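See below for the structure under consideration.
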Amino acid sequence: MKKGQVKRKFESFGFSSSNPYDQRIQKELVLHIQNQVQTGNDFTLKLYSWMKISILKQKINKATKLDIGNFRVLYKNQELTQNNQDLEDYGIKNHVTLKLIARKQSQQLYFINSLHNILEESRSTQEQFQNAKWAVEGAFLRGITPKLTDFGTQGTYILENQNHKPVAIFKPYDEEAFAPNNPRGMRGKMNSPGLRQGILSGEGVDREVATYLIDQSSGHYHNVPITNYVQICHPTFNEAEEYKQFQYEKIPIKEGSFQLYVTHDDNVGNYGSGLYPSIEARKIAILDIRILNCDRNEENILVRKKKLPQTNGQTRQSFDYFLIPIDHGYSFPDSFKICRDEVVWYHWGQMKQPFTQEEKLFIEKIDPDKDIQMMKEKVELREICLRNAKIATIFLKMGAAADLTIYDIAEALYREDPDELSPIEKVVETAEYNFNNNVRVSKLFSNHKEKLFSNNLIQKSFEFESSNLNNFDRPQITQPLLKLQIIKDEEENKEINERGNQNQYSDKKLTRIGSQQNIKQIKNPTEKKWNEEFYAHIIYLLYQLIENILSKKVLSPKKYRPRYISEEVK
C-alpha cells in the first residue's frame, strides 16, 4: 500500500517512475520553442527527460499565457498528444526545437505581431510590452474581442485580458478621422486634412509613437505610457481596404499604435487644478511644448492618487497626485496655428511659477537635433513637422534660461485670437523670408549650437541687456535683418570683360531685390531644407522676442508712502 501511495504521489508531480532517484532525473533538457502562435516570440524551457507532456504544456501555458486547449505542440511534425507520456518516450533530447502552433477555433485565427520594435533595450520595458501582448492574445483565443470606445472621433479599441481587465489601447492607421475605414462615419482618403490644422489623416499613429520616443529619450520624465507599432489580426475591426489571406481564411489585419493601459483614478477635469503638484503639472506642459500638442484637453491627462501617511490628530485622508499624459495623435503639426484654449494647463496657477533648478537642468540637457535624428530613423514624420518641433524646443530652452515661466512661453507660442498670428509665427515668417532671400545673420548668432547646448547656458548664453545688441540695428519683426548687397564674382568679371557683351553675375552671390541684374537659375532645384543658417535667424529673432517679454515684466519701482510720527508719540 505504501509503495502504491508513493507512486501516485510522484506521478502527480510529473514523475513517471515510482523511484524519484532514477538516473533519468539527472538528464536536464533545454528545449527551444518555435512560437508560431505569437510570431517573433520564441523562447526556451528547461525540463527533465522524465517529465510528462502535460508538464511541458503547463510550462508553455505559463510562459505564453495561452490556454492549453488553444495550441498544439509538434516535434518532427508529430503532435505531442499523449499527456501521460514522458519526453523521453517521444525521443525528445537536449537542444531540440518544438513547434507551437494555434489550434483552430470557430475557423478563425487571431494574433498580434510587433512591426518594428522601437522600445529601449531595458528588460523591464520589454517585459511589460511582451506580457501585455501575450495577455491580449490569450484573451482573443478565449473569445474576448476588442471593444470600440464610446467616445472619440476615430477607431480606438480597448484590448482586455482573460479577466476582462483593460491591458492596452489600439489605434489603427486606417480608422483615424477622415481615413478610409473610420467607424464613426468620418471617412475620407488617406492623408486628407484632419480635424486639426497641420495634421493629415493617417498620421496620428506615428505621432503617438514619436511622443513616447521623446519621453523615452528623456528618461521617462513625462510618464508617457509604453507605446509601440503592432499588427493585429481580428475580425472585430472595421473592414479594411485589403484583406490578407491567412490559413485559407480572410481576416482583416490592422497596423497601428499599441499603448499600454495605465490604471488611474480619474482625469484632471474632475479635480481642482490646485491639487496637482507644480512639478507634475509642468511636466505635462514641457512635453506639450516640445511636441507642439494641439489637443491637450481634460480627458487625456489621467490622475493617479497615492495615499499619504496620516499625522497625529489628522482626521482627513490626504493624497499625492501623479499626472499621466495620453492621446498624442494631434501633435507635431506642420504649422503653429494653435490657440491657447487647446491646452488645458494654460490657465493653471502652476504655470506662472518660476522653473525650479532641477527643471532648468532637465531642459538644458534636451538636445533637439538628437531627438529629430532619432525620430527620422524610427517614425515617419514630415520634415516641416520636425522643424516646427525643433523651433518650439529651442524656444523652451531659451525661455527657461532667461527665467521665463511656462505661462510666458505659452503666451508667445499660442494664439490668443484664432485669426491673429502668435509672436512665434511672426518669428518663423521673418526667418523664412530672410532665409529665402539669402540674408546673412550676424556672426554673434552663427554659432548658436554652441550656445544652446553649452553647460553654462544660463550664465553666458542669454544675458538680456540692451548693450548686447548695440553693435547692430534691430529691425522690426516683419523686416529683413540685414540689407542685401550685390557682390560681384572676380572670376566672372574677368570672363565678362573678355566676352564684352555679357552682364551676368554669379548665382552664388546676393543681389538686391528688384535689381535689373539677372541671376542664373538652377536647372534642378533641390528639395527645401532648413539648415543651420535658418536656425541662426530663428535664434536671433527669438532673442529679441524674449528680450521684449522681459522688458514688459520689469516692474516699476515701488512708491513707499512716508510714515509720519505724531508729536505725542515722540
Side-chain angles (χ1 to χ4, degrees), residues 218 221-222 273 276-293 296 336 338-368 388-416 421-428 430-431 444-445 448 451-469 474 477 535-556:
S218 302
Y221 178 81
H222 305 289
S273 61
Y276 312 131
S278 298
I279 295 178
E280 289 291 312
R282 286 198 293 271
K283 281 182 181 179
I284 305 293
I286 292 172
L287 173 66
D288 288 343
I289 292 173
R290 295 177 67 183
I291 67 175
L292 280 177
N293 195 351
R296 178 62 75 194
F336 286 88
I338 310 172
C339 295
R340 297 174 183 177
D341 294 335
E342 305 285 355
V343 287
V344 67
W345 47 259
Y346 174 75
H347 302 285
W348 293 0
Q350 296 92 325
M351 303 305 152
K352 295 184 179 181
Q353 300 174 2
F355 286 109
T356 64
Q357 191 63 26
E358 290 77 10
E359 290 171 335
K360 283 188 176 182
L361 291 174
F362 169 77
I363 295 172
E364 185 180 350
K365 291 179 181 178
I366 296 174
D367 188 342
N388 292 345
K390 180 176 178 179
I391 293 173
T393 305
I394 291 174
F395 184 39
L396 173 67
K397 291 171 67 68
M398 295 177 64
D403 291 328
L404 296 184
T405 63
I406 287 286
Y407 184 82
D408 298 329
I409 296 172
E411 276 193 319
L413 193 62
Y414 304 122
R415 290 185 175 188
E416 182 179 8
L421 297 180
S422 63
I424 194 74
E425 289 179 272
K426 296 177 182 177
V427 165
V428 174
T430 307
L444 180 64
F445 298 91
H448 67 279
K451 292 187 176 184
L452 280 177
F453 307 126
S454 61
N455 293 328
N456 54 357
L457 174 68
I458 299 174
Q459 290 78 10
K460 290 185 177 181
S461 295
F462 301 104
E463 297 175 358
F464 295 92
E465 299 176 1
S466 59
S467 60
N468 289 343
L469 297 177
R474 287 178 290 175
I477 238 18
Y535 289 107
H537 286 292
I538 290 289
I539 296 294
Y540 172 65
L541 293 167
L542 289 179
Y543 187 101
Q544 296 186 21
L545 175 61
I546 293 175
E547 188 186 41
N548 186 33
I549 295 173
L550 290 174
S551 64
K552 293 180 180 179
K553 292 183 66 175
V554 175
L555 300 177
S556 58

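As a basis for the values below, the full set of heavy atoms in this structure was taken, side chains included, without hydrogen atoms, waters or symmetry mates. These numbers were taken from a predicted model, which means no experiment stands behind them.
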Side chains of [X] and [Y] in contact at under 4.5 Å (non-hydrogen atoms):
X	Y	value
Gln353	Tyr407	no
Ile406	Ile289	yes
Arg282	Thr356	yes
Arg296	Ile338	no

>> Taking CD1 in Ile279 as the centre, count heavy atoms belonging to other residues, nucleotides or ligands within less than 6.0 Å. Is the count above 12?
In response: no
How far apart are the closest heavy atoms of [X] and [Y], and which atoms are they?
X	Y	answer
Ser273	Gln350	O-NE2, 2.7 Å
Leu545	Ala412	CD2-CB, 4.2 Å
Thr405	Met351	CB-O, 3.4 Å
Ala389	Leu292	N-CD1, 4.1 Å
Trp345	Ala410	CZ3-CB, 4.0 Å

Pairwise distance [atom1]([X]) to [atom2]([Y]) - rounded to 0.5 angstrom:
X	Y	atom1	atom2	answer
Ile363	Leu396	CD1	CG	4.5 Å
Asp341	Tyr414	CG	OH	12.0 Å
Leu542	Asn548	CG	CG	12.5 Å
Ile538	Lys390	CD1	NZ	10.5 Å
Asp408	Leu550	CG	CG	8.0 Å
Asn388	Phe336	CG	CZ	4.0 Å

> Any cation-pi pair here, Lys360 with Phe355, using under 6.0 Å and within 45°?
Replying inline: no
> Between Glu280 (side chain) and Pro277 (backbone), is there a donor-acceptor pair under 3.5 Å?
Replying inline: no
> Under the 3.5 angstrom rule, does the side chain of Lys426 hit a backbone N or O of Leu421 as a donor-acceptor pair?
Replying inline: no
> Given the rule in the side chain to side chain contact (heavy atoms under 4.5 Å, CB included) test, do Lys283 and Leu287 qualify, once you have shown the distances and angles that lead to the verdict?
Replying inline: CA-CA 6 Å; Lys283 281 182 181 179; Leu287 173 66; over 6 Å; no
> Considering residues at least two apart in sequence or located in another chain, which fulfil the salt bridge (charged side-chain N to carboxylate O under 4.0 Å, His left out) criterion with Glu416?
Replying inline: Arg340
>> Tell me every residue that passes ring-ring contact (aromatic ring centres under 6.0 Å, His included) with Phe362, counting only those two or more places apart in sequence or in another chain.
In response: Tyr221, His222
>> I'd like to know whether Tyr540 forms a side chain to side chain donor-acceptor pair (under 3.5 Å) with Gln544, so could you lay out the CA-CA distance, the side-chain angles of the two residues, the decisive distance to 0.1 Å, and finally the verdict.
In response: CA-CA 7 Å; Tyr540 172 65; Gln544 296 186 21; 2.6 Å; yes
